[in-house]
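Each chain gets a letter, A, B and so on, in the order the sequences are listed, and its residues count up from 1. This is a predicted model, so every value here is computed, not measured.
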Protein chains: 2
Amino acid sequence: MALNDPDPTPLRIADVERETGLSKDVLRIWERRYGFPVPVRDAQGRRCYSAEQVRRLHLLRALVDRGGRPAELMRESDAVLAGRLQALGAAAPVPPVASVPHLDEALRHLAADRPEALEALFQRHVLEFGLRRFLLDVAVPLATGVGEAWESGRLAIHQEHVFSDCLLRFLAEATRRWRAASPDAVPRSPRMLLATLPGEQHLIGLAMVETWSTLDGCACRSLGGGLPVAEIAAAARAQRADIVALSFSACFDPARGQAQLAMLGDLLDKGCQLWIGGGRTADWAPGSARVQCFRNLADLGPAITAWRAARGAG
Amino acid sequence: MALNDPDPTPLRIADVERETGLSKDVLRIWERRYGFPVPVRDAQGRRCYSAEQVRRLHLLRALVDRGGRPAELMRESDAVLAGRLQALGAAAPVPPVASVPHLDEALRHLAADRPEALEALFQRHVLEFGLRRFLLDVAVPLATGVGEAWESGRLAIHQEHVFSDCLLRFLAEATRRWRAASPDAVPRSPRMLLATLPGEQHLIGLAMVETWSTLDGCACRSLGGGLPVAEIAAAARAQRADIVALSFSACFDPARGQAQLAMLGDLLDKGCQLWIGGGRTADWAPGSARVQCFRNLADLGPAITAWRAARGAG
DNA sequence: CAACGCCATCTGTCTAGGACAAACTCGCTT
DNA sequence: AAGCGAGTTTGTCCTAGACAGATGGCGTTG
């Protein structure tokens with residue numbers, strides 16, 4: 001009976017791919033090489049994974065992401081793996097962010113699943129020091145800190161999601177308020193379009209660029225994440241954007257990014273610039289004169305001024 | 001030379017998968033069956049696609065998504081395909097939503113790439129009729145209308161993204177304002193956790209549920225989109241959620257959804273309910289007593305009241 | 001002792017072509 | 001006109017092999 005009815009709800013390889021983020025190829029090759037996971041097969045010979053196996057796959061993935069090596073991890077029991085993940089968190093003694101007291105506090109709120117406290121902290125900091133300093137002193141280092149905390153196992157994925165949601169809302173609202181409060185008569189330029197490429201999930205960088213640029217008087221419009229280059233180009237044309245700004249996280253493959261960037265460059269109008277930032281984009285080859293890499297938010301101001309000067313003169 | 005240097009920036013099959021959303025399997029089988037796309041190969045025999053081919057693949061995908069059949073579409077030229085896509089838009093004469101004047105207006109703003117006008121319309125409607133009526137009379141039908149407009153080719157993907165971004169921000173801010181304006185003394189219950197499963201990109205439904213439930217006095221916390229069930233369960237435990245609410249769009253495969261739902265049901269605490277809605281979830285088999293399907297937003301109110309009654313009595 | 005380069009191994013992605021289920025079309029029958 | 005069965009289309013999954021790029025260890029050299 002274990003063969004003809006392996007599970008009331010068969011988890012097929014595509015489901016496991018979505019759920020764990022491990023590609024079908026990886027799932028198959030792990031099975032071939034390491035003997036795990038070996039799923040039950042249905043009548044047609046298709047793999048049917050158990051919830052148990054998926055749970056272990058999550059553990060394995062978490063450890064592989066943090067630099068573990070599959071061949072070694074596969075030998076360990078679930079308990080050992082879970083312990084190792086916890087140990088990773090405990091072993092990371094002094095996170096570099098924690099030197100600043102309020103960042104440490106923010107991370108503690110997050111680890112304790114208290115997003116309200118986090119938002120209150122944001123609110124206070126903005127009222128005391130203003131949005132620009134909030135971005136530079138809190139948002140950017142905290143985003144880095146959360147990334148590191150996740151890598152070292154101190155924060156779960158869902159906690160990272162909570163952080164993301166929290167900061168995203170906060171910035172969106174701050175931006176909206178600023179926009180509402182500035183006089184309509186001011187012509188806002190350049191027109192900036194914000195997006196991330198397919199495969200890029202992190203929207204935080206984008207939101208920070210939007211807030212900063214809006215403070216600097218740009219007309220920003222966000223397209224959200226995961227948009228194919230063809231669609232970005234179409235949007236840029238439709239909205240007559242002067243600048244398309246893309247954000248990348250550190251895990252985005254540079255080679256892929258640059259290939260897609262080149263493609264986007266071809267599709268955009270000649271007058272439209274391409275600004276990129278985040279992750280390790282600073283190391284990327286510029287490729288085209290129209291592509292500009294940004295190492296940090298503060299560089300946006302001068303670049304916008306320069307754009308206006310060039311446009312005003314030209 | 002065309003062989004050893006097919007392209008300055010080789011687009012490999014994984015890139016094309018990300019960019020077009022067509023799986024590697026589909027790309028390979030289309031090549032085998034229909035003779036398109038036939039990419040150049042690099043020195044190792046790997047497929048290197050041209051930007052030209054990717055452009056055509058976008059067209060093909062758009063038409064296949066709208067019910068076209070690959071075998072037939074493959075014979076046509078790019079121009080014919082583009083024309084056919086446009087014709088689809090023109091052929092859809094009276095969208096069902098357009099019967100209500102302000103919805104028609106909203107769609108026109110969107111088609112004309114004027115998100116500011118859309119937001120102004122939202123703002124006006126809320127001030128005149130209130131948030132609940134806005135959700136029922138504007139947000140829900142407009143979301144449906146945008147989906148239909150996309151299907152029929154009247155709206156591009158990037159315009160759908162703009163709509164999504166616009167409504168998402170609007171709802172987030174409205175929710176926040178409501179929360180800020182309600183007295184702190186009121187104990188907010190039930191504690192509701194909102195998320196979508198991996199593979200589900202649409203966050204609109206979730207945002208609408210959040211706004212509605214917040215109005216009804218729930219303590220909502222959004223985890224954003226694309227979270228594995230294991231993480232959702234972990235978050236529910238960490239935040240001691242009473243209810244986990246999931247949103248699905250119509251394109252989500254019911255069989256997959258139900259399998260993942262069953263898995264999530266196993267992982268959650270017994271006291272935690274599972275509320276689902278959106279798309280065609282109404283047709284899904286409930287599976288467990290803890291799973292409750294919602295056909296529309298208005299049903300949330302009674303369900304919340306019922307939950308409170310049961311909890312208060314128990 | 002540190003730094004550099006080379007080599008072996010590990011790991012993920014890609015290849016090929018075959019199989020099959022689910023969905024859809026079409027034509028026949030009621 | 002509506003319902004049903006046969007045939008076709010289409011996407012997903014299968015096996016098994018190849019290889020590039022990363023990683024880590026070792027030996028040599030400054």
Side-chain angles (χ1 to χ4, degrees), chain A residues 4 6 10-49 57 60-61 63-75 199 250-256 258-259 280 283, chain B residues 4 6 10-49 57 60-61 63-75 199 250-259 280:
Chain A
N4 55 10
L11 283 168
R12 295 232 290 262
I13 196 166
D15 303 295
V16 179
E17 174 179 35
R18 262 199 296 277
E19 172 73 12
T20 64
L22 297 164
S23 77
K24 295 173 195 153
D25 277 329
V26 168
L27 289 168
R28 283 193 278 252
I29 205 99
W30 279 10
E31 179 181 346
R32 209 199 303 175
R33 286 198 184 130
Y34 313 118
F36 182 87
V38 182
V40 180
R41 301 302 183 106
D42 69 5
Q44 286 77 41
R46 292 177 298 192
R47 292 169 172 83
C48 293
Y49 295 84
L57 283 170
L60 287 167
R61 182 181 156 103
L63 285 164
V64 167
D65 279 350
R66 290 168 176 108
R69 288 157 61 178
E72 186 212 359
L73 297 169
M74 293 290 174
R75 291 185 221 112
C251 57
F252 203 92
D253 183 354
R256 303 279 167 279
Q258 281 164 281
R280 283 150 200 151
D283 303 335
Chain B
N4 54 10
L11 283 169
R12 295 233 289 262
I13 194 165
D15 303 297
V16 179
E17 174 179 35
R18 262 200 296 277
E19 172 73 12
T20 65
L22 298 164
S23 76
K24 293 172 196 160
D25 276 328
V26 168
L27 289 169
R28 282 192 279 251
I29 206 100
W30 279 10
E31 179 182 346
R32 207 199 304 174
R33 287 199 184 130
Y34 313 118
F36 181 86
V38 182
V40 180
R41 300 303 184 107
D42 70 3
Q44 287 76 40
R46 293 178 297 191
R47 293 169 172 80
C48 292
Y49 295 84
L57 283 170
L60 287 167
R61 186 189 153 101
L63 285 164
V64 167
D65 279 350
R66 290 169 176 105
R69 289 158 61 178
E72 186 212 359
L73 296 169
M74 293 289 174
R75 293 186 218 113
C251 58
F252 203 92
D253 182 354
R256 303 278 167 279
Q258 281 163 284
R280 284 152 200 151

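Rounded to a whole Å, the CZ atom of A/Arg69 is 10 Å from the C1' atom of D/dG25. D/dC14 atom P lies 4 Å from atom CZ of A/Arg47, rounded to whole Å. Atom pair A/Arg12:CZ and C/dA22:C1' shows a separation of 10 Å (rounding to whole Å applied). Atom OH in A/Tyr34 sits roughly 14 Å away from atom P in C/dT9 (whole-Å rounding). With rounding to whole Å, A/Asp42 atom CG is found 13 Å from C/dA19 atom C1'. Rounded to an integer number of Å, the gap from A/Ile29 CD1 to C/dC14 P is 13 Å. The CZ-C1' distance, from B/Arg33 to C/dC20, rounds to 11 Å in whole Å. In this structure, A/Asp25 places its CG atom 10 Å from P of C/dT15, rounding to the nearest Å.
Proximity of B/Ser23 to the phosphate of D/dG11: no side-chain N or O atom is located under 4.0 Å from OP1 or OP2. Checking the phosphate oxygens (OP1, OP2) of C/dC20, no side-chain nitrogen or oxygen of A/Gln44 falls inside 4.0 Å. An OP1 or OP2 oxygen of C/dC14 is reached within less than 4.0 angstrom by a side-chain nitrogen or oxygen of B/Lys24. A close approach under 4.0 Å does not occur between any side-chain nitrogen or oxygen of A/Trp30 and OP1 or OP2 of C/dT11.
The heavy-atom pair separating B/Leu22 from B/Leu57 by the smallest distance is CD1-CD2, 3.9 Å.
Between B/Asp15 and B/Arg12 no salt bridge is recorded (no basic side-chain N to carboxylate O distance below 4.0 Å). The pair A/Arg41-A/Glu31 counts as a salt bridge, with a side-chain nitrogen and a carboxylate oxygen less than 4.0 angstrom apart.
In this structure, the separation between CZ on B/Phe36 and CG on B/Leu73 is 11.5 Å, given to the nearest 0.5 Å. Taking CD1 of B/Ile13 as the start and CZ of B/Arg46 as the end, the distance is 12.0 Å to the nearest 0.5 Å.
Listed candidates were C/dT13, C/dT15, D/dT15. Nearest to the side chain of B/Arg28 is C/dT15.
Take the nearest nucleotide of DNA chain C for A/Ala71 and for A/Arg46: the residue whose nucleotide is more 5' is A/Ala71.
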